[in-house]
Asks: 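Once you've had a glance at the structure underneath, I'll fire off some questions.
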Amino acid sequence: MHSDSASAEPIRGGSVLRWIRRIHLPLDDPFAIAGLLIYAVFILVAVFADQLATHDPLEILFTQDYQLAADLRPGEDGFVLGTTSLGRDIYSQLVYGSRSALLIGITAAFMVAVIGTVVGLLAGYFRGWTDIVLMRAADIAFGIPFLPFVIVLAAFLEPSIWNVVFAMALILWRDTGRVIRSQVLTLRTRAYIDAARVSGSSDLKIVFRHIAPNILPLSFLYGSIAIGWAILTEAAISFLGFGDPETISWGYMLQDAYASQALSTGGYYWFVPPGICIVLVVVAGFFISRGYEEILFPKLKE
């Protein structure tokens, strides 16, 4: 962990504020700060999408002379990024796409972090049959290829962005769970854990009050990575045609541009912006995880 003194102190009071303090945002790392700023910008865009967008993203638009506003270039007739071949505003789709991306990314990251953290805590602390059962489940999850699993799931279920969240919750907790288990195996031998046992604290109280707060930075590290994975997966699923056609996302925009042969017609204004947004959000997650690595493993700074 980041320091023996910090991890050796038990959490008293159990307040939410103390748990938040244990997150240790990586504000000393410039890359992590850049990642947090990128997230902040996209979160603001998603929250105020209704005010920032100029049109309904699925509305078919017409020019002033009642012609279909199809394949307009950026700036033509007041369209900032032009229009699609069906006459839809690309800028508005890009703005609303941030909402879908962050909804999927944050929800999936939360599920992966929570499930992986709980599994790692229980397996590492209780050991025995609990450890065996949970780690064998992790082995099974490691044996399932993620993207094909999501494609099969999307093919059998009704198209929805929640397919990605559901698939990540079922599969990607494995990495978080294994790493946190190894950390818990170390923490459970600390002196303050023995003192808690002697004082009569129950096992669950020790796990969730004394051990869990000390592995929160590790949970957030894997959560920040999971955001990028979720957005990339949704983009891949939508590009392959398994996404929800009624939900605008960056992956949907790429698929729509590909199906309309925007690449061959030079419609860079259609497929480049959503591609850049996907790259920025994914890179931001890895920047933040880099900052957490230095908090968890201070020797990396040397």
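The residues of the chain are indexed from 1 along the displayed sequence.
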Asks: Just verifying a value: how many Å separate Phe208 CZ and Lys205 NZ, rounded to the nearest 0.5 Å?
Replies: 14.0 Å

Asks: Classify the ring geometry between Phe239 and Tyr258 as parallel (under 30°), tilted (30 to 60°) or perpendicular (over 60°).
Replies: tilted

Asks: By side chain to side chain contact (heavy atoms under 4.5 Å, CB included), which residues pair with Leu170, not counting sequence neighbours?
Replies: Phe149, Phe166

Asks: Answer whether the closest heavy-atom distance between the side chains of Leu94 and Leu81 falls below 4.5 Å.
Replies: yes

Asks: Provide the full list of salt bridge (Lys or Arg N to Asp or Glu O under 4.0 Å) pairs with a residue in residues 165-176, sequence neighbours left out, each pair given once.
Replies: none

Asks: If you round to the nearest 0.5 Å, how far is CZ of Arg88 from CD of Gln93?
Replies: 6.5 Å

Asks: Can you name the residues that form a ring-ring contact (aromatic ring centres under 6.0 Å, His included) with Trp250, not counting sequence neighbours?
Replies: Phe42

Asks: Once side chain to side chain donor-acceptor pair (under 3.5 Å) is applied, do any residues pair with Tyr39, and if so which ones, sequence neighbours excluded?
Replies: none

Asks: Quick one, Leu68 with Leu86, criterion side chain to side chain contact (heavy atoms under 4.5 Å, CB included). Give me CA distance, side-chain angles, the key distance, then yes/no.
Replies: CA-CA 8 Å; Leu68 180 65; Leu86 291 177; over 6 Å; no

Asks: Going by salt bridge (Lys or Arg N to Asp or Glu O under 4.0 Å), name the residues that satisfy it together with Arg181, two or more places apart in sequence or in a different chain.
Replies: Asp131

Asks: I'd like a table of donor-acceptor pairs (distance under 3.5 Å, sequence neighbours excluded) in which one partner is a side-chain atom from residues 45-54, with atom names and distances.
Replies:
{"unit_1": "Asp50", "atom_1": "OD1", "unit_2": "Tyr96", "atom_2": "OH", "d": "2.8"}
{"unit_1": "Thr54", "atom_1": "OG1", "unit_2": "Asp89", "atom_2": "OD2", "d": "2.9"}
{"unit_1": "Thr54", "atom_1": "OG1", "unit_2": "Ser92", "atom_2": "OG", "d": "3.3"}

Asks: Would you say the side chain of Phe126 lies within less than 4.5 Å of the side chain of Leu134, judging by non-hydrogen atoms?
Replies: no

Asks: Under 3.5 Å, side-chain donor or acceptor atoms of residues 104-122 against the rest of the protein: list the pairs with distances, not counting sequence neighbours.
Replies:
{"unit_1": "Thr107", "atom_1": "OG1", "unit_2": "Leu103", "atom_2": "O", "d": "2.6"}
{"unit_1": "Thr117", "atom_1": "OG1", "unit_2": "Ala113", "atom_2": "O", "d": "2.5"}
{"unit_1": "Thr117", "atom_1": "OG1", "unit_2": "Ser219", "atom_2": "OG", "d": "2.7"}

Asks: Val133, Phe142: one ILVMFWY side-chain cluster at the under-4.5 Å cut-off?
Replies: no

Asks: Contact between Pro74 and Val80 at the side-chain level, heavy atoms closer than 4.5 Å - yes or no?
Replies: no

Asks: Grab the two heavy atoms, one from Ile215 and one from Gln183, that are nearest each other, plus how far apart they are.
Replies: CG2-CG, 3.7 Å

Asks: How far apart are the closest heavy atoms of Pro148 and Pro145, and which atoms are they?
Replies: CD-O, 3.6 Å

Asks: Checking Arg197 now: which residues fulfil side chain to side chain donor-acceptor pair (under 3.5 Å) with it, not counting sequence neighbours?
Replies: Tyr125, Asp194

Asks: For the residue pair Gly124 and Leu185, what are the closest heavy atoms and their distance?
Replies: O-CD2, 3.2 Å

Asks: Are Leu147 and Ile225 joined in one hydrophobic group, where the rule is that I, L, V, M, F, W and Y side chains link up if heavy atoms are under 4.5 Å apart?
Replies: yes

Asks: Give, for atom OG1 of Thr83 and atom CG of Leu72, the distance between the pair rounded to the nearest 0.5 Å.
Replies: 3.5 Å

Asks: Can you tell if the side chain of Arg190 reaches within under 4.5 Å of the side chain of His210, non-hydrogen atoms only?
Replies: no

Asks: In chain order, what residues pass the side chain to side chain donor-acceptor pair (under 3.5 Å) check against Thr233, with sequence neighbours excluded?
Replies: none

Asks: Within this structure, what is the CH2-CZ distance for the pair Trp229 and Phe146, rounded to the nearest 0.5 Å?
Replies: 8.0 Å

Asks: For the atom pair CE (Met135) and CD1 (Ile132), what is the distance rounded to the nearest 0.5 Å?
Replies: 11.0 Å

Asks: To check you understand the geometry: which heavy-atom pair defines the closest contact between Gly228 and Val282, and what is its length?
Replies: O-CG2, 3.7 Å

Asks: Distance alone, cut at 3.5 Å: any donor-acceptor contact between the side chains of Ser100 and Glu234?
Replies: no

Asks: Could you see if Leu58 belongs to whatever hydrophobic cluster contains Phe62? Use Ile, Leu, Val, Met, Phe, Trp, Tyr and a side-chain cutoff under 4.5 Å.
Replies: no

Asks: For residues 266-276, tabulate all N or O donor-acceptor pairs below 3.5 Å that involve a side-chain atom, not counting sequence neighbours.
Replies:
none

Asks: I'd like to know if Ile171 and Val152 are part of one continuous hydrophobic network [Ile/Leu/Val/Met/Phe/Trp/Tyr, side-chain heavy atoms within less than 4.5 Å].
Replies: no

Asks: Ser260: which residues meet the side chain to side chain donor-acceptor pair (under 3.5 Å) condition with it, sequence neighbours left out?
Replies: Ser85

Asks: Write out all pairs satisfying salt bridge (Lys or Arg N to Asp or Glu O under 4.0 Å) with one or both partners inside residues 35-48, taking only residues at least two apart or from two chains.
Replies: none

Asks: Centres of the Phe79 and His55 rings: under 6.0 Å?
Replies: yes

Asks: Measure the spacing between CD1 of Ile90 and OG1 of Thr84 and express it to the nearest 0.5 Å.
Replies: 6.5 Å

Asks: Would a hydrophobic clustering, with Ile, Leu, Val, Met, Phe, Trp and Tyr connected at side-chain separations under 4.5 Å, put Ile278 with Leu44?
Replies: yes

Asks: Show the numbers, then the answer: is there a side chain to side chain contact (heavy atoms under 4.5 Å, CB included) between Ser238 and Leu254?
Replies: CA-CA 8 Å; Ser238 295; Leu254 292 175; over 6 Å; no

